[in-house]
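Bear in mind the structure is a predicted one, so any value in this text is a computation, not a measurement.
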Amino acid sequence: MTTTPVSPSLIATLPGRYYTDPEVFRREQEALLESMWFCAVRSADLDRPGAFRTVRVGRESVLVTRDRTGALRAFLNVCRHRGARLCTEESGEVRRSLQCPYHAWTYGLDGKLVAAPNLTKMPDVDRDRYGLIKVALREWLGYAWVCLADEPPSFEETVRHAAVERLGDPAAIEHYGTEHLALGKRVTYDVRANWKLIVENFMECYHCATIHPELTEVLPEFADGYAAQYYVGHGAEFGAGVAGFTVDGSAGFGRLPEVAEEQDRRYYALTVRPNVFVNLVPDHVILHRMFPLAEDRTVVECDWLYAPEVVASGADVSKSAELFHRVNVQDFAACERTQPAMSSRAYRGGGVLVPTEHHIGAFHGWLLEKLGEQAP
């Protein structure tokens with residue numbers, strides 16, 4: 001059964017099973033999360049050689065670390081001996097090497113096998129060949145992006161292109177200098193909803209007047225139902241009398257140095273598939289990373305990034321951080337209210353998208369193409 005809209009104003013969504021079926025989620029892990037560039041770690045979190053963080057990417061645990069030269073490296077978090085998890089903590093720091101807690105196989109920060117019990121008695125063992133399995137890594141916007149594919153897709157044509165496609169200008173996102181900003185606040189949300197519901201929610205503003213009173217006070221045009229992502233190059237303008245992107249509309253901080261005059265007093269948003277939302281305002285950047293863990297569970301890590309001098313001074317960022325924290329809580333609650341209905345017979349054939357949501361249809365089309373399927 002598929003919903004067939006009877007009005008040109010309405011187009012069909014995906015059927016409910018795309019949000020509840022473990023097999024659909026498995027195929028998404030394989031075709032998307034494990035094949036595309038995935039934003040894993042903020043580079044500055046690994047601020048010295050030996051610092052590491054483990055990240056769930058699809059069905060794999062990926063270990064990201066900084067080596068002795070200061071470069072970031074990524075590996076599958078699996079010992080080459082008998083497959084034990086190499087690093088069991090989410091984050092930490094080692095002095096010079098990574099040692100498996102099972103049989104003590106030991107790897108340099110470059111992934112090379114450097115020691116193991118009785119290894120000297122096995123001179124035929126190639127230490128490079130039995131080193132850790134490398135994962136492709138690129139840095140952009142101050143984050144490490146990893147790709148598990150044997151032949152990763154073009155970073156420029158996929159990740160960077162998302163910013164050009166949305167903002168209309170290759171240089172627009174660079175004006176915010178995100179890679180030079182400092183972390184002012186981080187909140188991790190454990191959302192009991194399918195990751196696609198979160199993407200769809202972020203892409204539209206049909207719900208904004210209903211559940212985002214603080215946001216629509218700052219960005220009045222959102223009350224009309226059109227999200228910033230509905231347009232190429234458009235940034236929602238702050239309301240009259242709104243001094244900054246804060247929970248009460250009070251002044252924030254000084255405009256970031258390279259932000260253009262035409263970008264001032266505006267909010268821009270973009271989605272970098274499969275797992276990133278970027279929110280740009282004149283004095284800070286908010287970046288969400290999604291980690292889909294199951295068909296009905298997604299962890300979202302949200303970073304608020306400010307000019308280094310703002311963070312170093314100990315300035316109070318609570319009013320600017322509180323605005324989007326409330327937006328997050330409101331959005332994720334809506335997604336969690338929606339998730340149970342995805343398995344209802346009422347949604348077996350899906351729902352519908354109104355005109356201000358039609359661009360979500362392109363997201364559905366992209367997903368089906370990645371999965372090698374036709375529209376239901």
Side-chain angles (χ1 to χ4, degrees), residues 9-11 13-14 16 19 185 187-231 234-239 241-242 244-250 266-271 275-281 284 286-290 292 296-304 318-344 346-347 350-361 363-364:
S9 296
L10 304 177
I11 62 175
T13 69
L14 295 172
Y19 304 86
K185 186 178 180 69
V187 178
T188 301
Y189 307 86
D190 196 334
V191 187
R192 291 291 174 171
N194 185 274
W195 69 278
K196 296 186 295 299
L197 291 178
I198 299 173
V199 173
E200 292 161 10
N201 172 277
F202 184 72
M203 290 181 70
E204 55 92 358
C205 217
Y206 192 45
H207 69 278
C208 288
T210 308
I211 71 172
H212 294 322
E214 299 89 354
L215 184 63
T216 52
E217 280 293 317
V218 175
L219 304 173
E221 68 181 75
F222 276 9
D224 294 332
Y226 285 92
Q229 293 194 79
Y230 188 83
Y231 310 94
H234 177 70
E237 189 171 6
F238 292 5
V242 171
F245 196 75
T246 58
V247 71
D248 59 1
S250 60
R266 289 186 178 272
Y267 162 84
Y268 297 85
L270 62 135
T271 302
N275 77 316
V276 174
F277 309 144
V278 185
N279 308 270
L280 307 166
V281 292
H284 65 283
I286 307 157
L287 191 141
H288 299 71
R289 282 169 292 146
M290 290 192 305
D296 59 356
R297 183 183 175 209
T298 309
V299 168
V300 183
E301 194 163 271
C302 184
D303 291 346
W304 283 260
S318 61
K319 286 188 176 181
S320 61
E322 180 64 19
L323 175 57
F324 228 90
H325 171 61
R326 291 192 190 183
V327 171
N328 287 337
V329 170
Q330 293 156 354
D331 279 340
F332 299 154
C335 293
E336 290 183 335
R337 286 195 301 272
T338 304
Q339 181 65 37
M342 297 296 99
S343 57
S344 168
Y347 210 79
V352 293
L353 301 170
V354 302
T356 59
E357 303 170 306
H358 280 186
H359 57 296
I360 295 175
F363 169 63
H364 293 160

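- Contact between Gly351 and Thr13 at its shortest, heavy atoms only, is N-OG1, 2.7 Å.
- Closest approach of Leu197 to Cys335, counting heavy atoms only: O-SG, 3.6 Å.
- Around CZ of Phe363, the count of heavy atoms belonging to other residues, nucleotides or ligands within 6.0 Å exceeds 12.
- What you find for Thr246 and Val218 is that their closest heavy atoms are O-CG2, 3.5 Å.
- Cation-pi geometry between Lys196 and Tyr19 is met: under 6.0 angstrom from the ring centre, within 45 degrees of the axis.
- A donor-acceptor pair is defined here as one N or O able to donate and one able to accept, closer than 3.5 Å; such a pair exists between the side chain of Glu357 and the backbone of Val354.
- The CD atom of Glu221 sits 11.0 Å away from atom CZ of Phe238, with the distance rounded to the nearest 0.5 Å.
- With rounding to the nearest 0.5 angstrom, the CG atom of Leu280 is 13.5 Å from the CZ atom of Arg266.
- Checking side-chain atoms of Thr216 against main-chain N and O of Leu219 turns up no donor-acceptor pair under 3.5 Å.
- Considering every non-hydrogen atom in both Asn279 and Ala269, the closest pair reads OD1-CB, 4.2 Å.
- Of all heavy-atom pairs spanning Glu322 and Val247, the tightest one is CG-CG2, 3.9 Å.
- Val300 and Met290 get closest at one heavy-atom pair: CG2-CG, 4.1 Å.
- Within the 4.5 Å cutoff, side-chain heavy atoms of Asp190 are placed close to those of Arg297.
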Original post:
Do Leu215 and Tyr267 pass the side-chain contact (heavy atoms from CB on, under 4.5 Å) test, and can you show the C-alpha distance, the side-chain angles, and the key distance before you say yes or no?
Top reply: CA-CA 11 Å; Leu215 184 63; Tyr267 162 84; over 6 Å; no
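- Using a distance-only test at 3.5 Å, with no hydrogens or angles considered, a donor-acceptor pair links the side chain of Gln339 to the main chain of Asn194.
- One finds a salt bridge joining Glu301 and Arg289 here, because a Lys/Arg side-chain nitrogen approaches an Asp/Glu carboxylate oxygen to under 4.0 Å.
- At a cut-off of 3.5 Å, with distance as the only test, a side-chain donor of Glu200 or His364 sits close to an acceptor on the other residue.
- Not less than 6.0 angstrom separates the ring centroid of His288 from the ring centroid of Tyr189.
- For the atom pair CG (Asp303) and CG (Leu287), the distance works out to 6.5 Å, reported to the nearest 0.5 Å.
- Summarising the geometry, atom CD1 belonging to Ile211 is positioned 6.5 Å from atom CZ belonging to Arg337; distances are rounded to the nearest 0.5 Å.
- Counting heavy atoms from C-beta on, the side chains of Cys302 and Ile286 come closer than 4.5 Å.
- With contacts defined as side-chain heavy-atom distances shorter than 4.5 Å, the pair Val191/Glu336 qualifies.
- The CZ atom of Phe324 lies 10.0 Å from the CD atom of Gln330; values are rounded to the nearest 0.5 Å.
- Between the side chain of Asp224 and the backbone N or O of Tyr226 there is no donor-acceptor pair closer than 3.5 Å.
- Residues Asp331 and Phe202 fail the side-chain proximity criterion, which asks for heavy atoms closer than 4.5 Å.
- Taking the side chain as every heavy atom from C-beta outward, Ile198 and Phe277 approach each other to under 4.5 Å.
- Proximity of a side-chain donor or acceptor of His212 to a complementary backbone N or O of Glu217 within less than 3.5 Å is not detected.
- Side-chain contact check for Val278 versus Tyr268: every heavy-atom pair is 4.5 Å or farther apart.
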